[in-house]
Every structure is written in structure tokens, then in C-alpha cells.
Amino acid sequence: MRYVDEYRSGTVARELSQHIGKLVEPGREYKLMEVCGGHTHTIYKHGVENLLPSGVDLIHGPGCPVCVIPMGRVDDAIAIAERDRVIFTTFGDMMRVPGGNGCLLEAKARGADVRMVYSPLDALRIAREHPDREVVFFAIGFETTTPSTALTLLRARAEGIRNFFVFANHVTIIPAIRAILDSPDLRLDGFIGPGHVSTVIGTKPYRFIARDHGKPLVVAGFEPLDVLQAALMVMAQLAEGRSEVENQYSRVVREGGNPRALEAIAETMELRSTFEWRGLGFIAQSALKLRDDFGDWDAEVRYDIPGVRVADPKACQCGEVLKGVLKPWECKVFGTACTPEKPIGTCMVSSEGACAAYYNYGRFSRRLETLTR
Amino acid sequence: MNRKVSPSLSPREPAPTLVEHSEFSCITCGDVAVEAQVVSLERGIAVVERSGSIEEVAVDLVDVVVGDVVLCHAGVALEKLDGAAREIEGEDR
């Protein structure tokens with residue numbers, strides 16, 4: 001496979017792994033957090049963890065957009081989906097996320113018109129094709145996904161489509177990282193920064209992590225060698241006593257991000273004063289809502305949203321997993337009551353969720369380690 | 001027997017909504033985007049190709065010409081990849 005092999009070469013991986021090994025101070029424990037769920041997926045799929053020397057531990061961060069949606073928001077979505085005349089559209093994974101009262105897939109089974117889309121632009125097309133119906137898009141995701149919602153809203157306005165509504169749940173990565181840095185139960189040495197979020201926001205917003213918290217952050221791509229190289233770059237900074245923001249993924253990510261995408265977001269959305277994150281609780285200014293100018297397309301304006309708050313199931317430890325305090329297999333229900341087929345917690349739903357990724361690709365050696373603990 | 005069954009050994013039923021797209025990618029996008037090559041271009045919409053599959057994406061956010069490789073996510077091209085146009089092959093990540 002051309003152009004993929006070069007990012008997956010075993011020889012290069014071993015060399016990188018040896019380099020990292022040389023940077024480890026004997027007796028020191030290193031905890032590096034990969035913020036993005038895409039990295040978590042790569043790490044488990046390719047066994048990157050097993051290439052790291054002992055003492056270097058990867059902690060999985062909160063960067064899976066499905067995983068951070070609280071149960072109450074799913075119930076709100078179901079309430080909208082079950083209204084007459086509504087066609088409720090969403091990304092596939094979101095259909096299986098359990099709320100307090102089942103998931104969207106179950107609402108569909110009960111008769112609600114819930115449809116899976118790959119893009120909000122597809123939802124807009126459905127609205128165009130069904131002028132007699134109200135089409136709602138369940139917008140979730142970090143800054144990678146927000147531009148597509150923004151662009152869709154701009155098109156809806158330009159075309160004067162009035163039967164299309166967005167239920168905005170877009171979240172922003174920086175406040176989440178800030179919350180993790182402020183969390184007392186976690187000591188991190190450095191970060192592997194999200195690649196595709198950074199395509200949009202650039203590398204500047206991370207500077208406070210290096211400057212104020214003294215932690216290195218390296219923005220990384222999603223191939224296994226990208227992640228290993230980023231880990232090496234973080235370790236080199238630690239060895240040299242530096243804390244900087246570096247960009248391993250320079251083939252895509254620019255320092256200033258994508259200004260046009262940022263402009264489209266700013267034109268259509270603004271920060272909420274606060275938003276609830278699963279596991280992390282309420283974080284100030286961490287999510288986006290539609291601007292008043294786009295009130296005509298805002299599902300939260302159009303519909304009476306119940307806004308219920310639902311406590312996570314007691315057995316579920318997604319919160320700890322999202323903060324990196326627990327490893328997926330340390331959760332009491334992992335792989336037993338909670339599986340990708342019948343998830344209890346969000347981390348088991350999306351393939352980017354740490355639990356689902358570990359469930360699908362978990363290495364035997366890790367299991368032994370768990371059993372012998 | 002230990003209560004904890006090894007995940008890699010347990011039988012795995014494909015999850016219906018996930019697998020429709022690809023077993024290995026999260027269609028929620030979950031902040032993962034894929035690289036694809038522009039094969040044609042018309043009024044803000046590009047047809048892109050990756051591993052033989054064709055998709056339409058909006059190119060409002062990037063300046064592209066036919067042959068460029070773009071990073072696509074949720075129906076939108078987010079960025080153009082550095083370097084000359086290249087052919088993309090291989091499995092979806």
C-alpha cells in the first residue's frame with residue numbers, strides 16, 4: 001500500500017521506540033496524554049503502547065465527541081426526534097449512545113423518523129427534498145466537525161431553506177484540556193495534541209499549556225509512526241527541560257489553522273456560558289450555540305427542549321476513563337455488562353472511545369498485566 | 001473462569017450502524033478526517049476519490065484544483081495537503 005506503508009514501517013517504529021527508550025530517566029514515570037480519540041484508536045489498533053518503554057504510559061484523553069455528550073442531551077435529542085413531522089438526522093455513532101430513556105436507534109424502532117447522515121450537508125439536502133417536514137441535525141463534534149455545520153447553516157440561509165434546524169452540541173477542545181490540567185487527580189508530563197482539530201484551530205491556542213503549565217505539547221498525525229514520533233518529540237522536550245508547542249503533523253496543520261473555517265464558525269456560532277461534559281462536569285465556555293442571527297435555524301429556539309439532567313449509571317466509569325484516571329479495562333463493567341453491541345457508557349460506543357478501541361484491539365499482554373495485578 | 005474475558009478472544013458481533021461504513025473508522029467523524037484526491041470540481045463541490053470510492057465534498061474552505069489531495073471530514077474539505085498532487089491508496093484508517 002503506497003503512502004500508507006511509509007507511516008507504518010516496523011523498522012522505523014523500532015528505531016523511534018529505541019530513541020524514546022534512551023530518553024527515559026531510570027525510575028521516572030512518564031504520563032503522556034493523547035487528547036484525541038483518533039489517536040486512541042490508532043494506539044490500540046496498531047499496538048503503539050507496546051512499543052513504548054516501561055515507565056512511559058499513554059493516558060487517553062477526552063477527545064471523542066460522542067463520549068463527552070451527557071445522557072441528558074441524548075434524551076433532549078430523542079424528545080425532538082419523537083415530535084410529529086420531524087426528520088431527525090445524526091451521525092451513526094450518536095444513534096447508539098444511551099440516554100436515560102434508551103437511544104435514538106430505539107426511538108427509531110418506536111416509530112420516530114431518525115436517519116443517519118455522513119454530513120450536515122446531507123441533512124440539508126433531506127430538508128430540501130422534504131419541504132413539508134422539519135429536518136433537525138444533531139450537531140456534535142470538536143472543531144474538526146464544527147466547520148461543516150457552520151457551512152451548512154450558511155448554505156441554508158443563502159438558499160432560504162426554513163425547514164432545517166441544528167441542535168448544536170459542538171464542543172471546543174481547549175477548555176477541556178484546561179479542565180484536565182486543573183484536575184487534582186491527574187499528573188501529566190506532556191500532551192500529544194489533536195491533529196485534525198488543529199487543522200482548523202492551528203497550533204497557537206495550545207501555547208498556554210507550554211507557557212503557563214510547563215507541559216510540552218506536540219500536535220500529531222494519525223498514523224502509528226506519527227504518534228510514536230510525537231511521543232519521541234514530547235520525551236525529547238522533557239529530557240531537555242523544554243516545554244513548547246511543536247507540530248509533528250506539518251503536512252496538514254498550519255500554525256494559524258484554517259482561517260476560512262474559523263470565520264464560518266464565528267459567523268454562525270458563539271460560546272455558551274457553560275456546557276455539561278460527560279465525566280468532566282460543567283465547563284465554562286466550552287461549547288457553541290447558534291448566534292441569534294441564526295435563530296430561525298436553531299432547534300433550541302424552535303422546540304421546547306426538556307433539558308433534563310440524567311446521572312450516569314452507577315456502574316459506568318466513563319468519567320474516570322475520559323479523564324485518564326482509569327484505564328478502560330479497569331472499569332467494573334468493561335467487556336462484561338458494557339460492550340460495543342450493548343454499551344452502558346459512551347466510551348464503548350464510538351470506535352474512538354477508549355473502551356471500544358481497547359475492546360476491539362486490546363493486546364493479550366495487557367490482559368495478563370490486569371489479571372496479575 | 002475469570003470473569004474478565006479477553007476482548008480479543010471474545011466473539012464480536014458487528015455493530016450495525018458502525019460497520020455499514022467501515023469497520024475501522026468512526027463515522028461520527030469523531031475528529032478523524034480522511035485524505036482524498038480531487039478528481040473533478042464544479043461550483044464549490046468537489047468529487048474526491050479514495051481507494052476507489054467516490055464522494056462529494058464542499059470545498060468552500062480551501063482553494064483546490066483537480067489533482068490536489070485534501071483532508072475531508074463530514075462532507076467538507078478542511079485542508080489541502082502539502083506537496084505535489086499524489087495518489088492515495090490503501091485502507092481507510
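No hydrogens, no waters, no symmetry mates; every other heavy atom, side chains included, goes into these values. By convention in this document, chain letters (A, B, ...) are assigned in the order of the sequence lines, proteins followed by strands, and residues within each chain are numbered from 1.
For the pair B/His73/A/Val200, no side-chain contact is recorded, criterion being any heavy-atom separation below 4.5 Å from C-beta on. Within the 4.5 Å cutoff, the side chain of A/Arg260 has no heavy atoms near those of the B/Val62 side chain. Counting heavy atoms from C-beta outward, A/Arg254 and B/Glu79 have side chains that approach closer than 4.5 Å.
Looking at A/Thr152, there are no atoms closer than 4.5 Å to chain B (heavy atoms on both sides), in backbone or side chain. For B/Leu71, the part lying near chain A is the side chain, with the backbone staying farther off; criterion is any non-hydrogen pair under 4.5 Å.
Contacts of A/Phe88 classified as ring pair (Phe, Tyr, Trp, His ring centres under 6.0 Å), with partners at least two apart in sequence or in another chain: A/Phe138.
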| field | CA sep, side-chain torsions, deciding dist, call: B/Glu56, A/Leu121, side chain to side chain contact (heavy atoms under 4.5 Å, CB included) | value | CA-CA 10 Å; B/Glu56 280 188 358; A/Leu121 291 164; over 6 Å; no

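To the nearest 0.5 angstrom, B/Leu61 atom CG is 9.0 Å from A/Ser148 atom OG.
Residues B/Ala74 and A/Ser119 come closest through the heavy atom pair O-OG, 2.8 Å.
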